Amino acid sequence: MSPLTTRNSDSLFEKAKAVIPGGVNSPVRAYKSVGRNPLFIKKAAGSRIWDADGNSYIDYVGSWGPMILGHAHPRVIEAVQRAAADGTSYGAPTELEIRMAETISTLMPSIQMVRMVNSGTEATMSAVRLARAFTGKEKIIKFEGCYHGHADSFLIKAGSGALTFGVPDSPGVPADVASGTLTATFNNLSSVQALLTEHQGSVAAVIVEPVVGNMGCIPPEPGFLHGLRSLCTKENVLLIFDEVMTGFRVAPGGAQELYRVSPDLTTLGKVIGGGLPVGAYGGRRDIMEMVAPQGPMYQAGTLSGNPLAMAAGLETLSVIREDPDFYTRLEAKAARLSGGLQKVIDTLWLPLKQNRVGSMFTLFFTKQPVKDYGTAVTADREKFGVFFRGMLDRGITLAPSQFEAGFMSIAHSDEDIDRTIEAARGALEKIYR
Ligand code: KE4
């Protein structure tokens, strides 16, 4: 296998670093935790991406979740082109936004009203403000290692990029904001109960990734989400499901359908924008009616409900909904990959653990079952970096961090998957043999 030549990406990275902090517009893209320069991508189609040196890769990043149909799906591209021909933004309401809101509400009945925003961070930041406005209480509970975007209230033992950098609290977050965020342990209901007891009457909401993606993929243990639901109901605390990643990914109605738990508020992003900038928050009508201009809680956005993002998201959801077997087929693809990887792990007696929920998955470099932050951080990041680079050399792009999830798309073929399994066998033999 000839080593990858990435001369163009390397020189683009040097140029980028002169004018963009770290050379990237989102930290995890810099490949800092996997020990090499990042690839600069030229184009993508289906399951493939091509870098600036013309190398092609089978891609499991999928833009961190939006590309559930695969890259550049013809119907999505056509929908965006058609929308763009009528203008790119009006700063005024459109029928498309009603269709998006009705579609979300149909697929996620707990969402009786919804507000479109432009990113997952905007969605979670607004949902927390709304929870505080509705309850009149100020504290929130999040889970160690979970990531809800980069708003001040969340960069407290954040997962995702911050976890990779090993900086649990980001500089620049005011102490009094940090003190308003309490941190529990994922899959540990008594840690939540303890905080609710200790801070009786001052917690507005619990926010959770119902399936964690940002410590790597970590499923909820049986009863955990139901337990959160009853704790929140009992203590008069709002339950916020951050489904930015899991929404329309792990089931037609997201994790709340998969696990049959109804949150009070839900945040969304990624898939509903088909790759264009998008976010949304929604939930119980009595809560959402507090949002301006209907109610007093202020939140706004120049490009919220942008027609191109709505067109791309609606077309993505239409393609999914027209195929009654979509999620069954997607599950079969992801199961083929994890089954093949498990065979490699078992044959080579490797100290590795796989977590998977539907089409999101992570291979952890630890022999411990990974069920929370404490077990996730036992993973060997060094070995993960070697594996990541080995897979890149074999034409496979994985999420460039041990603490991220990979994503299967409906465009990945059996050949792609079998090639990925063989590449993993080669890369792992090099590490452990
Ligand atoms: P954005 O602001 O990046 O659109 O969404 C923030 C967010 C909120 N909630 C969850 C559950 C998320 O996974 C995210 C963003 N996910 C990361 C991937 N772990 C985005 C990748 C990046 O930061 O570049």
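When a ligand or atom number is given, it counts from 1 through the structure's own listing order. What you see is a predicted model; the values in this text were computed from it and never measured.
Against a heavy-atom cut-off of under 4.0 Å, G149 is close to the following atoms of ligand 1: 6 (C), 7 (C), 8 (C). Of all atoms in ligand 1, listed by their number and element, those nearer than 4.0 Å to a heavy atom of S26 are 22 (C), 23 (O), 24 (O). Each of the following atoms of ligand 1 lies closer than 4.0 Å to a heavy atom of M245: 13 (O), 19 (N). Taking every heavy atom of W64 and a limit of under 4.0 angstrom, the matching atoms of ligand 1 come to 18 (C), 21 (C). Here is the list of ligand 1 atoms found below 4.0 Å of a heavy atom in S119: 2 (O), 4 (O).
Judged purely by atom type and a 3.5 angstrom limit, E97 uses its side chain to pair as donor or acceptor with the backbone of T94. Between the side chain of K142 and the main chain of T183, no donor-acceptor pair closer than 3.5 Å is present. R356 places a side-chain N or O within donor-acceptor distance of the main-chain N or O of G358, the cut-off being under 3.5 Å. Judged by distance alone, the side chain of N8 and the main-chain N or O of A52 form a donor-acceptor pair under 3.5 Å.
The option from L268, N25, V278, N214 that lies nearest to atom 12 (C) of ligand 1, judged by heavy atoms, is N214. Within the set K270, E404, M215, the minimum heavy-atom distance to atom 16 (N) of ligand 1 is found for K270.
Considering backbone and side-chain N/O atoms, E209 never comes within less than 3.5 Å of an N/O atom of ligand 1. By the 3.5 Å distance cut-off applied to N or O atoms, D242 is counted among the residues near ligand 1.
Within 6.0 Å of NZ in K137 there are more than 12 heavy atoms belonging to other residues, nucleotides or ligands.
Taking the six-membered ring where tryptophan is involved, the planes of F13 and F40 are tilted, since the angle between them lies from 30° to 60°. Classification of the F365-F384 ring pair by plane angle, with boundaries at 30° and 60°, yields perpendicular.
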